[in-house]
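Only one structure is covered here, and it is reproduced in the block below.
This is a predicted model, so every value here is computed, not measured. Chain A is the first sequence line, chain B the second, and so forth, proteins listed ahead of strands; every chain is numbered from 1.
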Amino acid sequence: MIGLVDCNNFFASCERVFHPELRTKPVVVLSNNDGCVIARSNEAKALGIKMGVPFYQVKKFVDEGKLHVFSSNYTLYDDMSKRVMSVIRGMVPRIEVYSIDETFIDVSGVENIYQLGLQLSARVEKWTGIPVSVGLAENKTLAKMASKFAKKYKGYHGCCVIDTPERCEKALRLFPINDVWGIGRRMIKQMNYYGVHTAYDFTKWNRSRVQREFGVTGVSTWLELQGIRCIDFEPSVAKKSITTSRSFREEITDFESLSAMVADFAALCAKKLREQHGRTAEIVVYFRTNTFRTDQPQYSNVAKVELTVPSSDVRELVTAATTGLKSIFRKGYAYKQAGVVVTNIVNGVIPIDLFDPVDRVRQEKLLQTLDKLRGKMGDRMVRVASQGDCSGEINRKYRSHCYTTNLKEIIEVKIM
DNA sequence: TCTGGGGTCCTAGGACCC
DNA sequence: TCTGGGGTCCTAGGACCC
């Protein structure tokens, strides 16, 4: 059996851990630049606030004192996520972290899985303050479905198990097709056109029709819904590409500012690369003007820079990204977004190249020293000169403190 | 006036080769 | 000069996920 552990309203729940007085209040978390809503507590959902709405549309609730709002604080969420995953890791044989707020668990060989699910849910909440929903079933698609039942119905106490054909059919009949994992916008449109409204309706199709309409991915979802395992359990796979990108609060027109941002993105990519012990030989830089504005000339472009030897050296990555940017930058445009992608990531031993002018072993020692420094002093204290300090470019009006990762922002306990 | 920031996989089509 | 079927590799774009 496979399980899915899903944190409820994760970002909002993280904020609540440090604001217990908001435990029963409507809370939302905003995207970068405070642009739109990306997480909502149940009470905020009850107010009718939809996922992804622009903040200005719900600001009236805040002004009326009916809604509490936070800018996103990914440093905090990352750290809370690691804590949640570590509690879970200690209770099951294998886990596959799927996203910041979800992990699959392998529970094969466990005798009483329902008992385990309940214990998991209780312990994660007790030890981290984050409520979770657990779904257990034969494969990932059904486990996802089970976790949604666990979240929706209080009677499950945080854990729903789909373990018999009868339970499976009952669940499929109750489950809307648009909530099925792997069925997106395009497929939903087609499904509705053909009169498919529940997961059960879909399972009644024959295989060749599914193949014809939705291809191989459609077939594997269709099979999984019928209890056949198609999507493998893959514990801790290293990422194949890493992206760092941002929209800017105010559009950027000059090369120097854009270049400083891009250098920063490259540095962040280098950091993420080193965390997974990977190196890259290909750095992609891209940018675009504001596509929502019709009154300005539009320009977007992509540049690819290849390194002769795969590297995770922040200096090499920053240089490459800057070179790429130079080759495509044009004056006279107002840039709204930019990003750096590193792809073709390789992991493992340092490659030896006879013609490589750089002493890779010495370089690695320096980089490890920098990693340690960063760990002690924070990312913004240890930078490549060209990064500049662009912390002011991004709006974070309602940001909470980094309670768990920054000594200066740690919670103070006062004894009265 | 405001519109996220990450990822993965599949497919179609072009270039090139035999 | 035109005629053919296939194969591989690469890329861009789409679709999906959170």
For this session: State whether A/Asp78 and A/Lys82 are salt-bridged, where the test is any N-O pair (Lys NZ or Arg NE/NH1/NH2 against Asp/Glu carboxylate O) under 4.0 Å.
Result: no
From [options], nucleotide with atom closest to [X] side chain:
X	options	answer
A/Lys240	B/dT8, B/dG5, C/dC18	B/dT8
A/Tyr98	B/dT8, B/dC10, C/dC17	C/dC17
A/Val216	B/dT3, B/dT11, C/dC18	B/dT11
A/Ser247	B/dG6, B/dG5, B/dC2	B/dG5
A/Cys36	B/dG6, C/dC18, B/dG4	B/dG4
A/Asn32	C/dC17, B/dG4, B/dT8	B/dG4

Exercise. Which residue lies toward the 5' end of DNA chain B, A/Ser245 or A/Gly52, if each is placed at its nearest nucleotide?
Worked result: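 Taking each residue's closest nucleotide, the earlier one in sequence belongs to A/Gly52.
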Problem set entry | First encountered from the 5' end of DNA chain B, between A/Thr244 and A/Gln211 |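 The 5'-side residue here is A/Thr244.
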For this session: Look up atom CG in A/Asp6 and atom OG in A/Ser99, then write down how far apart they are to the nearest 0.5 Å.
Result: 7.5 Å
Less than 3.5 Å apart, any donor N or O on the side chain of [X] or [Y] sitting next to an acceptor on the other?
X	Y	value
A/Ser400	A/Asn73	yes
A/Lys240	A/Asn344	no
A/Asp106	A/Ser108	yes

Just how far, in rounded Å, is [atom2] of [N] from [atom1] of [X]?
X	N	atom1	atom2	answer
A/Met261	B/dG5	CE	C1'	13 Å
A/Met51	C/dC17	CE	C1'	12 Å
A/Lys140	C/dC18	NZ	P	13 Å
A/Phe55	B/dT3	CZ	P	13 Å
A/Leu4	C/dC17	CG	P	14 Å
A/Asn344	C/dC9	CG	P	15 Å
A/Ile231	B/dT8	CD1	P	16 Å
A/Gln337	B/dC2	CD	P	15 Å

Using a 4.0 Å heavy-atom cut-off, does [X] contact any base of the nucleic acid, only the sugar-phosphate backbone, or nothing at all?
X	answer
A/Lys144	sugar-phosphate
A/Ile242	sugar-phosphate
A/Glu102	sugar-phosphate

Exercise. If we take the P atom in both C/dC17 and B/dT3, what is their distance in whole Å?
Worked result: 25 Å
Exercise. Taking the six-membered ring for Trp, are the ring centroids of A/Tyr398 and A/His68 within less than 6.0 Å of each other?
Worked result: no
Exercise. With a 6.0 Å cut-off on ring centres, are A/Tyr299 and A/Phe329 close enough?
Worked result: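 Not under 6.0 Å, so no.
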Exercise. How far apart are the C-alpha atoms of A/Lys66 and A/Glu43, what are their side-chain angles, what is the distance that settles it, and do they pass the salt bridge (Lys or Arg N to Asp or Glu O under 4.0 Å) test?
Worked result: CA-CA 10 Å; A/Lys66 289 181 188 156; A/Glu43 298 76 15; over 6 Å; no
Distance check: side-chain N/O of [X] vs OP1/OP2 of [N], anything under 4.0 Å?
X	N	result
A/Thr243	B/dG7	yes
A/Lys336	B/dT3	yes
A/Lys272	B/dG6	yes
A/Lys304	C/dT11	yes
A/Ser241	B/dT8	yes

For this session: Output the residues of residues 179-196 of chain A in contact with DNA chain C, where contact means a heavy atom of the residue under 4.0 Å from an atom of the strand; sort by number or write none.
Result: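 Only A/Val180, A/Trp181, A/Gly182, A/Ile183, A/Gly184, A/Arg185, A/Arg186, A/Met187 qualify.
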Can you give the donor-acceptor pairs under 3.5 Å from side chains of residues 217-232 of chain A to other protein atoms, not counting sequence neighbours?
from	atom 1	to	atom 2	distance (Å)
A/Ser220	OG	A/Thr217	O	3.1
A/Thr221	OG1	A/Thr217	O	3.3
A/Trp222	NE1	A/Phe202	O	3.4
A/Trp222	NE1	A/Trp205	O	3.4
A/Glu224	OE1	A/Thr141	N	3.0
A/Glu224	OE1	A/Thr141	OG1	2.6
A/Glu224	OE2	A/Cys230	N	2.8
A/Glu224	OE2	A/Ile231	N	2.8
A/Gln226	NE2	A/Trp222	O	2.8
A/Arg229	NE	A/Glu138	O	3.1
A/Arg229	NH2	A/Glu138	O	3.1

For this session: Please indicate yes or no: is the ring centre of A/Phe292 less than 5.5 Å from the centre of the six-membered base ring of B/dT3, with the two planes inclined by under 30 degrees?
Result: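 Yes, aromatic ring over the base.
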Problem set entry | Pair assignment for C/dC18, Watson-Crick or G-U wobble, requiring both distances under 3.5 Å |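 Matched C/dC18 with B/dG5 under the 3.5 Å cut-off.
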Problem set entry | For B/dA12, the Watson-Crick or wobble partner whose two distances fall under 3.5 Å |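 Base partner found: C/dT11.
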